[in-house]
Amino acid sequence: MKKFLLHITFIIISLISISAKAQNKISVTNLQCEMLSNPEGIDVVKPRLSWQIKSDVNDVKQTSYQILVASTLENLNANKADLWDSGKVASNESVNIVYNGKRLGDRQNAFWKVIVFTNKGEIKSVENAHFSLGILTYADWKSTRWIGYEKLSKDDSISQYSKLSARYLRKEIDLKKQVKSAKVYIMGMGLYELYINGNKIGDQVLAPVPTDYTKNVKYNVFDVTSQLKEGKNMLGTILGNGRFFAMRQDYKPYKIKSFGFPKMALQLFVEYTDGTSEVIRTDDTWKLTTDGPILSNNEYDGEEYDARKEMKGWNTTNFDDKNWVNARYVQEPGGFYEAQTSPNMKIMGEVKPISIKATPKGTYILDMGQNMVGWLQIKVKGKAGGRITMKFAESLKVDGSMYIENLRDAKTTDVYTLKGENQEIWEPRFIFHGFRFVEISGLSGTPTLADFTGKVVYDDIKTTGTFESSDKTMNQIFKNAYWGIRGNYKGMPIDCPQRNERQPWLGDRTTGAYGESFLFDNQTLYAKWLDDIKNAQTQDGGIPDVAPAFWRYYGDNVTWPGTYITVADMLYHQFDDKAVIEKHYPSMKKWMVYMEENYMENDLIAKDKYGDWCVPPESLELIHSLDPSRKTDGELISSAFYYYLLQKMKTFAQLIHADAKDIQYYDSLSEKIKTAFNAKFFNKEKNIYANNTVTANVLPLAFGLVPNNLQQQVFENMVREIEVTHKGHISTGVIGTQFLMRTLSTFGRTDLAYQLASNKTYPSWGYMAANGATTIWELWNGNTADPKMNSQNHVMLLGDLMVWYYENIAGIKSNPETPGFKQIIMKPAFDTKLTYVNASYESVHGLIKSNWKKVKKALEWNISIPANTTALVYLPTTDSKNITVNKTKLEKASIAFKAEGNQQVLTLESGDYILKLN
Ligand code: BGC
C-alpha cells in the first residue's frame with residue numbers, strides 16, 4: 001500500500017511539473033502598487049494593486065486571483081501573509097484591486113505577490129513586489145523643524161528678475177552602530193538635491209513636483225541603507241528656488257503667487273542591526289551657506305554658476321565649514337504634507353547638436369536639430385574668471401540671428417564662470433529651457449559639436465505608444481507631438497517651456513490629456529494634477545484657469561475649468577482609475593452647481609472667456625482673428641460644453657452610486673439646456689448652428705445636442721464648410737479642434753479627417769512641420785504671427801488628433817463599458833489613402849499592437865491582444881468567407897463573429913493574430 005501511495009505521489013508530482021512546464025509561457029509580471037514604479041512612500045492606507053499576465057499562447061483568461069501581503073520578505077517567502085491573504089477570489093480583474101488587509105501603519109513595509117488562476121492553469125508572480133507607507137500623520141514629523149536662511153546675499157535681488165543664490169546645507173551625523181536599514185523623508189522647497197557622503201541620492205532632477213505650497217507640500221522618500229555606514233556620515237543638500245521663490249517676486253504681486261525663501265525639513269530614520277533605532281531631523285545645528293557656486297537660479301532667466309566658488313568636499317565629512325552659519329528656524333510653508341506619488345523629473349535622454357556656426361559678433365550659434373526642453377551640458381576650457389554665456393531660443397530669424405522676441409521678458413540665459421582647469425564640464429541644476437538654438441559667447445578656441453550635449457528633462461514616465469504610417473506628414477506630426485508633450489511635463493502639464501509663462505493652464509489639456517495618454521503613461525501625473533485643481537477650488541466652488549494657481553486666474557468660465565472633469569474621465573477610461581472619480585466627484589459637482597447658480601440664465605451660460613481660442617486668423621500677422629465670421633459665439637461654446645460636462649457627471653454619478661437625485665438633476669438640466677440651445681442657436685431653414693463656423697456645428701454634433709433626424713444634414717453642412725469655404729483646411733481653434741477629427745470619423749468621413757491630418761499647406765499641423773517645426777506651435781500661423789503670444793512648443797492645438805490616430809486610424813480604443821482596455825475596440829477606418837499603419841500601445845493590461853497594410857485589394861492585419869483582455873475586431877466586408885485568421889478560414893476557426901452593417905465583427909481572445917481579408 002505504502003509503495004502504491006509513493007508511486008501515486010510520484011505520478012502526481014510529475015504531472016504537476018509537466019503542467020508547470022507547459023505553462024511556463026505564461027507569467028505574471030509588472031506588479032504595481034498604485035501604478036507607481038517606485039512606491040517607497042505612499043500615504044493611502046488602502047493602496048490598489050495591479051499586475052499583468054504575459055503569455056505566448058492565445059486565449060488566456062484569469063479566472064481567480066489570490067493576493068498575499070506580508071510585513072517582511074521572509075514571511076512572504078514562507079507564504080505567511082501576515083498583513084493580508086485575499087483568499088482565492090473568483091474574478092477576472094487584475095487592475096487596481098484595493099488592499100483589504102490589516103490596517104497599515106506609519107512607514108509600514110509590505111511585500112506582496114499574487115497567484116493567478118487562469119483557464120490555462122495556475123501561475124505565481126515571478127517577482128515579489130514591495131511598497132512602503134509614508135509618514136501618515138502630521139504629528140509624526142514630531143520635532144522636525146523647517147530650516148533655511150531668509151535674507152538676501154550681496155548679489156541677490158528681489159525684482160522682476162529676481163536673483164537668489166542657492167542654499168547649501170550640511171549636517172554631520174554619527175551612527176554608533178551597524179545600520180540595518182535607513183530611509184530619508186525630505187521636503188526641500190522649491191527644489192532640492194540631497195547628498196550622503198558626497199553621493200547624490202536618487203536620479204531625480206528639479207524635485208519635488210511643484211504644488212501650491214500653502215495647500216500641500218510633497219515629500220520624497222529614499223531608501224538610503226547602502227549609503228550610510230557606522231561612524232561619521234555627512235548629509236548635504238542644495239536648495240534651489242523653483243516655483244517657491246523665483247517667480248518674478250516683485251512683479252505683479254497681485255497676480256503671481258510666491259512663497260518666500262527656500263527651506264527644507266528632513267527626517268532620517270535609521271534602524272540598527274541590534275534592533276534599536278534613531279531619527280535624525282532638521283534643526284538649527286545644520287550648517288548653511290549661500291556663498292556657493294550657484295549664484296542665481298531662476299526658472300525664467302537661467303542659472304549663473306561661478307566655478308571658482310566651488311567648495312570641494314562640502315558634502316563629505318572632510319570639510320572645514322567654519323565660514324558657514326547655523327541654519328535658521330523658519331516658518332513651515334503652510335500646506336499639508338503628502339507623500340509624492342507622481343514622478344519626479346529626470347534626464348530622460350540626450351540630444352547631440354547638428355551644427356555650430358560662428359556669427360559676425362564673435363559668438364557661436366549651436367543648433368540642436370530639435371526643439372527640446374531641458375538644458376545644455378558644456379565642456380569648456382579657459383582662464384579662471386572667463387565668462388561663458390548661453391542664450392536659448394526656439395528658432396532663428398531669416399538673417400540667422402536668434403528669434404528671442406517670443407520669450408517676452410524671460411532672459412533664458414545661463415552663465416558659467418570658469419575656474420581655469422584643464423577641461424571643465426558643467427550643466428545647470430535648478431532651471432530648464434525650451435530651445436533648439438543656443439548662442440554662446442566667451443568661448444576660447446574653436447568649439448566642436450562634441451563639446452555640447454542637450455539633456456532632455458521631463459517627468460520620469462514610460463513612453464507607451466508608437467505610431468508609424470505610410471504618410472510622412474502624419475509621422476512627422478506624431479514625432480512633433482511626442483516632443484511637445486514630453487517637454488511640457490514638468491511635474492504638472494504646462495503650456496509652454498520657454499517664455500515668461502510656463503503655467504499649468506487647464507484649457508490646454510481638456511482633450512489633449514486623453515490623446516497624450518496613448519503616448520505616455522501619464523496616469524499619476526494627471527491624478528496629481530486633479531489634486532492641484534481641487535486644492536485651487538474656492539470655498540464657494542470656483543475653479544481657476546491655472547492650477548496650481550501660481551497665476552491667479554479665477555475668471556469663472558466653463559471651458560478651461562471643465563478640464564477638471566474631462567481629465568478625471570480620461571483617467572477612468574484609459575487607466576480604469578475609478579478612485580479619482582470617487583475622490584473628486586464632490587468638488588466637481590460643487591463647481592457645476594456653482595456655475596449653474598451664478599451664470600445660468602434662460603437655461604444657457606453666456607459667460608465665456610476664451611472663445612474658440614487661436615483659430616487661424618485672416619491675416620498671417622495676427623494672433624487672434626478679428627473677423628466675426630471666424631469666431632464662434634461664446635454663449636454657444638459655454639452652453640454646449642456645460643451640457644457635455646453634465647453627461648460626464650451623470651456617468652460618474654452612476655459609476656460611484658451617487659445619490660439618485662444627482663442623476664435627476666443632471667438629466668433635467670441637460671434637457672432644459674438642449675431645448676434652449678437649439679431654440680437659440682439652431683437655424684432650421686439652413687440646418688446650421690449660429691454663424692455656421694465649423695466649431696459652432698461640431699460641438700452640438702459631438703455632444704449629442706442636434707435633434708437625431710437632423711444630424712446628417714448638420715454634418716453635411718459642416719463638411720461643406722470644411723471642403724468648400726475652407727478648401728479642405730482646418731478653421732477651428734482650441735475648442736473645435738478637440739472634437740473635429742473624431743466627429744468626422746463618427747459620421748463616416750475619415751477620408752476628410754485624413755486630409756486635414758496630412759495637409760501641408762496653411763493652416764495645418766503639416767504646415768507647421770513643413771515650416772521647420774519639430775514640436776507643435778501655439779498658433780496655426782506660428783511662423784509669421786506677432787511674437788507677443790507665439791510659442792513654438794505648445795500642445796493645445798493638437799485637439800483630438802492623437803486620440804484619432806490611435807482610435808480611428810490604428811484601431812486601438814478602450815471599450816467605454818470596460819475601462820482600461822479590458823476590451824479593446826479595433827475598428828480602424830481603412831478608407832483613406834493610407835496604405836499601412838503600425839501602432840502599439842502599452843495599456844494597463846499589457847501591450848496592444850495593430851499593424852495593418854493594404855496589399856493590392858487585400859488587407860493584412862497583425863494584432864496583439866494582451867492576456868486577460870479581449871478585442872472586438874472590425875473588418876470591412878459583408879462576406880465572412882473573405883476572411884482568414886492565422887491562415888484558417890474564419891468560418892472554420894473557432895472564433896465568434898457577426899455581421900454589423902457592412903462589416904464583420906470578430907470577438908478575439910488574447911494573443912497574436914494574423915488576419916487577412918481578400
Ligand atoms: C497660454 C495658453 C492659455 C491661454 C489662456 C496663454 O497665454 O499660453 O496656453 O491657455 O493663455 O488665456
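Order of appearance sets the numbers: ligands from 1, and atoms from 1 within every ligand.
Taking the six-membered ring where tryptophan is involved, the planes of W777 and Y767 are perpendicular, since the angle between them exceeds 60° and thus also 30°. Under the 30°/60° scheme for interplanar angles, the aromatic rings of Y526 and Y489 are found to stand perpendicular.
Partner of M372 under the side-chain contact (heavy atoms from CB on, under 4.5 Å) criterion, chosen from Y458, F435, F432: F435.
Using a 4.0 Å heavy-atom criterion, the residues that approach ligand 1 are D495, R499, E501, W505, D508, W560, Y610, W613, E778, H794, M796.
Note on E635 versus K607: no salt bridge recorded, every NZ/NE/NH1/NH2 to OD/OE distance being 4.0 Å or above.
Residues satisfying the side chain to side chain contact (heavy atoms under 4.5 Å, CB included) test with D367, not counting sequence neighbours, are I354, S355, R436, F437.
A cation-pi arrangement, defined by a distance under 6.0 Å to the six-membered ring centre and an angle within 45 degrees of its axis, is absent between K411 and Y300.
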